[in-house]
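Hydrogens, waters and symmetry mates play no part in the numbers below; they use all other heavy atoms, side chains included.
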Amino acid sequence: MIDEQFVQVKNLRKVYDNGHEALKDVSFSVKKGDLVCLLGPSGCGKTTMLNMLAGLLDPTSGDILFNGKSVVKVAPKDRQIGYVFQNYALYPHMTVLQNVMFPLTVGKNKRSKAEAEKVAKKYMEITQITELANQKPGNLSGGQQQRVAIARALVQEPQILLMDEPLSNLDARLRLKIREEIRSLVKRVGITTLFVTHDQEEALSIGDKIILFNNGVIQQDDVGQNFYLEPNNYFVANFVGNPVIDNFAVKIADGKISGSDFEIPLAALDQDRIKGELTPGEYTLSVRPENILPSEQGHFTAKISDVELIGRERILKFDHDGIQARSLVNLETTIQRGDQVQLSMRLDRIFLFTKEGTRVY
């Protein structure tokens with residue numbers, strides 16, 4: 001049971017001195033050995049959460065448990081955590097080997113120089129930086145510095161590894177490579193990891209599960225594909241997905257969903273996907289671009305304003321009620337800019353949200 005809830009956060013709140021409530025009654029758990037991404041926009045509370053797990057911030061109320069034991073009153077140095085900071089925080093006057101060894105040369109983790117060097121070299125081999133042992137951080141690339149920072153965190157053999165936007169300083173291609181390496185590494189070592197990022201693609205690609213925050217509240221705590229296929233609410237549906245989801249203003253009345261130029265009978269919906277009462281009123285109908293496609297019998301007609309090539313696919317852009325919408329089609333589609341096209345929505349893939357953002361379908 002403890003392995004299933006190796007990290008537990010219970011009803012955690014953080015209110016700063018200026019009155020800002022950064023986290024509002026947050027609860028979640030993390031399985032032993034999992035890599036969990038804390039995802040969300042700037043200011044959503046994810047880094048505050050990580051710093052409270054690390055002991056760098058005290059909660060206003062609530063509890064944090066590691067392996068079944070509360071750590072709220074435990075000093076950061078005694079929490080058995082490793083922390084990889086956004087800026088790496090390497091000592092510029094030390095060599096790579098000295099940087100990696102450093103946590104084992106001070107405090108309660110202090111070991112003999114020979115033993116510290118042996119452990120450091122073990123994790124330098126795992127992170128593939130052995131050949132950099134005598135280099136100074138100033139001579140290293142961003143990706144190499146990142147590996148040094150990870151090796152330095154791992155030498156303490158912590159029970160939990162915390163990573164705060166560790167790839168944000170790297171260029172796009174290197175980020176792809178390093179994030180794959182990080183997932184492979186933490187799985188090989190078997191360490192429970194919490195990884196903060198604002199990049200949804202990063203979270204989807206490496207997380208065993210994702211916890212999405214907004215305004216200090218967890219919006220969804222789930223496996224990656226469910227954020228895309230079964231979003232909890234309007235915020236989740238619009239935060240996750242590239243290209244972004246299409247949103248149409250609609251009304252429900254007289255047994256049908258009515259947009260500005262289409263109608264869908266409520267009876268045509270998949271009844272198993274209904275999550276709330278479809279009472280008369282105003283809603284948002286949301287549909288991902290790959291689920292709105294050219295069709296001989298479409299729900300509506302649109303004039304294509306632009307065609308964008310993205311690798312194996314094309315994005316057909318069109319105006320709908322003054323807002324740009326998109327259809328994602330395969331590369332062989334011959335539709336061009338200026339064409340009038342009938343577009344059909346997959347009714348088993350649309351979402352309906354109330355004006356407050358609650359999902360009802």
Side-chain angles (χ1 to χ4, degrees), residues 37 39-42 142-143 165-183 195 197-207 210 212 214 219-220 222-231 234-249 259 261-262 284-296 298-351 353:
C37 290
L39 175 66
S42 297
E165 305 241 20
L167 309 181
S168 60
N169 296 328
L170 307 179
D171 65 60
R173 186 174 290 274
L174 188 55
R175 273 165 60 177
L176 286 173
K177 183 173 187 292
I178 298 293
R179 75 190 189 197
E180 290 169 1
E181 289 180 2
I182 287 175
R183 176 164 177 84
F195 181 110
T197 180
H198 64 274
D199 186 329
Q200 45 130 342
E201 290 186 15
E202 199 163 272
L204 288 165
S205 70
I206 69 170
I210 299 168
L212 177 58
N214 190 42
Q219 304 294 316
Q220 190 158 339
D222 216 332
V223 294
Q225 72 174 19
N226 284 348
F227 285 80
Y228 197 81
L229 298 175
E230 297 293 342
Y234 180 84
F235 172 80
V236 176
N238 280 268
F239 190 82
V240 175
N242 186 23
V244 296
I245 202 164
D246 293 324
N247 296 303
F248 305 124
D261 55 1
F262 63 84
T284 299
L285 185 156
S286 301
V287 56
R288 300 208 179 274
E290 67 269 24
N291 294 319
I292 180 167
L293 295 168
S295 169
E296 289 184 8
H299 287 107
F300 59 88
T301 301
K303 182 178 180 180
I304 304 303
S305 59
D306 202 5
V307 179
E308 181 182 344
L309 177 65
I310 52 166
R312 294 172 297 174
E313 295 164 310
R314 294 177 188 266
I315 299 175
L316 308 180
K317 298 179 181 179
F318 59 95
D319 180 90
H320 194 274
D321 289 343
I323 298 172
Q324 188 179 79
R326 298 162 183 82
S327 165
L328 187 65
V329 297
N330 63 45
L331 192 59
E332 286 74 33
T333 302
T334 57
I335 295 169
Q336 301 294 321
R337 179 178 180 179
D339 288 353
Q340 291 278 352
V341 180
Q342 287 198 66
L343 295 169
S344 183
M345 296 177 281
R346 279 191 60 179
L347 300 187
D348 61 339
R349 287 287 184 266
I350 65 172
F351 308 111
F353 301 104

With sequence neighbours excluded, tell me which residues meet salt bridge (Lys or Arg N to Asp or Glu O under 4.0 Å) with [X].
| X | answer |
| --- | --- |
| E180 | none |
| E313 | none |
| R179 | none |
| E181 | R147, K177 |

Partners meeting side chain to side chain contact (heavy atoms under 4.5 Å, CB included) with [X] (sequence neighbours left out):
| X | result |
| --- | --- |
| T333 | V329, N330, I335 |
| D319 | none |
| D321 | S260 |
| N214 | P41, Q219, F235 |

Approximate separation, where rounding is to 0.5 Å, of [X] [atom1] and [Y] [atom2]:
| X | Y | atom1 | atom2 | answer |
| --- | --- | --- | --- | --- |
| D199 | C37 | CG | SG | 9.5 Å |
| S327 | K317 | OG | NZ | 12.5 Å |
| E165 | S42 | CD | OG | 7.0 Å |
| F353 | L285 | CZ | CG | 9.0 Å |
| I206 | R183 | CD1 | CZ | 7.5 Å |
| I182 | R175 | CD1 | CZ | 11.0 Å |

If you take all heavy atoms of [X] and [Y], which pair is closest and at what distance?
| X | Y | value |
| --- | --- | --- |
| H198 | L39 | C-CD1, 3.7 Å |
| T197 | A203 | CG2-CB, 4.0 Å |
| D222 | F227 | O-CE1, 3.3 Å |
| G40 | L212 | CA-CD1, 3.8 Å |
| G311 | L331 | O-CD1, 3.8 Å |
| F195 | P166 | CE1-CG, 3.4 Å |

### Query
Does R288 use its side chain to pair, donor to acceptor, with the backbone of Y228 at less than 3.5 Å?
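Checking the backbone N and O of Y228 against the side chain of R288, a donor-acceptor pair under 3.5 Å is found.
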Find out whether [X] and [Y] are in side-chain contact, i.e. whether some heavy atom of one side chain is under 4.5 Å from a heavy atom of the other.
| X | Y | result |
| --- | --- | --- |
| I245 | P231 | no |
| I210 | L204 | yes |
| V236 | F351 | no |

### Query
Which of these passes side-chain hydrogen bond (donor to acceptor under 3.5 Å, both in side chains) with S286: D246, N247, N238?
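It is N247, the one option of D246, N247, N238 that forms the side-chain hydrogen bond (donor to acceptor under 3.5 Å, both in side chains) with S286.
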### Task
Any chance you could lay out the side-chain hydrogen bond (donor to acceptor under 3.5 Å, both in side chains) test for N226 and Q220, step after step, and finish with the verdict?
CA-CA 9 Å; N226 284 348; Q220 190 158 339; over 6 Å; no
### Task
Would you please name every residue forming a side-chain hydrogen bond (donor to acceptor under 3.5 Å, both in side chains) with T284, sequence neighbours left out?
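Applying side-chain hydrogen bond (donor to acceptor under 3.5 Å, both in side chains) to T284 gives none.
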Exercise answer: donor-acceptor pairs, residues 340-348 side-chain atoms, under 3.5 Å, sequence neighbours excluded:
from : atom 1 : to   : atom 2 : distance (Å)
Q342 : OE1    : G298 : N      : 3.1
Q342 : NE2    : E296 : O      : 3.0
R346 : NE     : D348 : OD1    : 3.1
R346 : NH2    : D348 : OD1    : 3.4
R346 : NH2    : D348 : OD2    : 2.9

### Query
What pairs of residues pass the salt bridge (charged side-chain N to carboxylate O under 4.0 Å, His left out) test when at least one of them lies in residues 326-345, not counting sequence neighbours?
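Listed by first then second residue: nothing to list.
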### Query
Does H320 have any ring pair (Phe, Tyr, Trp, His ring centres under 6.0 Å) partners at least two apart in sequence or in another chain, and if so, which?
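Once residues adjacent in sequence are excluded, the partners of H320 under the ring pair (Phe, Tyr, Trp, His ring centres under 6.0 Å) criterion are F248, F300.
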